[in-house]
Each structure stands twice: as structure tokens, then as C-alpha cells.
Amino acid sequence: MSSPNANAPNHVLHKPYQPKQPAREAIAQFHEVLGQRRSIRDFSDRPVEQELIEWVVKSAATAPSGANKQPWRFVCVKDPMIKRRIREAAEIEEREFYQRRAPDSWKRDLAPLGTDENKEFLETAPWLIIVFRMTKTDEGSGVYYSEESVGIATGMLLAAAQVAGLATLTHTPSPMSFLGEVLDRPKNERAYMLIPIGWPMEECQVPEAALIKKPLEEVMVVR
Ligand code: IYR
């Protein structure tokens, strides 16, 4: 059967990716890699070469997006002065959160993670990738499903880092508008996620509770 899009204007032949192993082995291997990803808060100060960060961003930027508008920008910070300014501003918001804004129920939910307002990782991680969502293109035209598109790209960024053995954290200081100011971003970019990335510290500990993922039966419905 020929593709319904065969000979449609502006179409080219797709060459599907073919895994070297049978599909079942290929996906089981990918699951093995993703299944070992953890949110890491203790980073080694060992540097990460820029080339690796470029690969991670290039991988994220392969994500699908509404009308292929690619409404994302990945600001990669290695400058210690800028990292310090980000830490200082984030800790101001986080102090507010932990001391006043967070309802008790939220704080109870966070207790097993052992988090607090101290965000040392914002300086120790060799890189901070700040994902910005564009509300308009740089030329001022519309974007579509930008929340979904940037969410997908961010997930792919985390997966790409994991493939390289790099540790990440999805950090969401709230509100995060300070990031646009510190990083001098234009009006059409909204801070979406702050991702410290680097090698995990040796003997780094992670919360036991976070290891437990819901079983397949609970997350999958077949009809
Ligand atoms: N942004 C705060 C609080 C926090 C919120 C959630 I939801 C988490 O999963 C973890 C932390 C912080 O980063 O400490």
C-alpha cells in the first residue's frame, strides 16, 4: 500500500530507524537505562565538557512540537558568577516556600525527599540548563501547544543526559521569573525548568521512597 502522503507536495521519503537488535531487546535495553535515572541533588564538581552538553541539547531539540515551531531555548550556564546569582535568587524564593508559602500537606509530601531551602547544587553542578518556553517565535508569530512541546523536549533532555551517564535534577523554584531577569532573556521566553546537570557525587545518596515506581498494572490500561 502506498502512503496517503505519497507525492504530496513538500514531502520526502522517510527512512525509518531500524534498531540493530529485535524490537523487544532494543526497548528492554532502553528501559534498563531509563530505569536507573534518579533525581540527583549532590553533584561532583568534576567538569563536563561543553560538547556533551551540546549533544544533550541537540537530542532535546529533536522533540516534536506544535507545527514544528520548536518553541524552546536552552540556556546553558557554566559561569560560576551567574550560577551564584541564580542560587542566591532561587534560595530567596525557596526560603519563602519552605517558611511560609507551602501548605503543611505539601511539606509532608516532601519530607521523604529531605529537601530544604539550601540549593548548593546550583553552584556545584558544572552546568545549569535553564529551559525557556517561547510564547511567540523570535519573529513574533504564534506557537502552538508550547507547554506540551517543551515538556516533551525536557523529558528527552533528561533521557539524553541519562544515556551519557550524566545526572540531572528537575528543579522548579517557584516563581521562576527571576531566571529571565538574571539571564537577560527577551519577553517571548518564559522560564520553564531549571536543570542542574553533571556527574553525580561519589557515594551520592538518593531518597529510598523515590526508587519506588508504580507497577505497570497501575499505570497502564488496556481496552
Ligand atoms: N521547589 C522546592 C520544593 C519542591 C517541590 C517539589 I513538587 C519537589 O518534588 C521537590 C521540591 C525545592 O526545590 O526544594
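In this chain, residues are counted from 1 in sequence order. Counting starts at 1 for both ligands and their atoms, following the listed order.
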Kindly compute the distance separating OG (Ser174) from CZ (Arg101), expressed to the nearest 0.5 Å.
5.5 Å

Any chance you could measure Glu189, atom CD, to Ile130, atom CD1, to the nearest 0.5 Å?
11.5 Å

Between the side chains of Arg41 and Asp116, is the shortest nitrogen-to-carboxylate-oxygen separation below 4.0 Å, so that they form an ion pair?
no

If the threshold is 4.0 Å, N to carboxylate O, is there a salt bridge linking Glu91 and Lys119?
no

Using a cut-off of under 3.5 Å, which N/O atoms of ligand 1 pair up with protein N/O atoms, and what distance separates each pair?
residue  : atom   : partner : partner atom : Å
ligand 1 : 1 (N)  : Glu94   : OE2          : 3.1
ligand 1 : 1 (N)  : Thr172  : O            : 3.4
ligand 1 : 13 (O) : Glu94   : OE2          : 3.0
ligand 1 : 13 (O) : Lys119  : NZ           : 3.3
ligand 1 : 13 (O) : His171  : ND1          : 3.2
ligand 1 : 14 (O) : Glu94   : OE2          : 3.0
ligand 1 : 14 (O) : Tyr98   : OH           : 2.5
ligand 1 : 14 (O) : Lys119  : NZ           : 2.5

Residue pair Ile195 / Leu157, side-chain heavy-atom distance below 4.5 Å
yes

Taking the six-membered ring for Trp, is the centroid-to-centroid distance between Phe97 and Trp106 below 6.0 Å?
yes

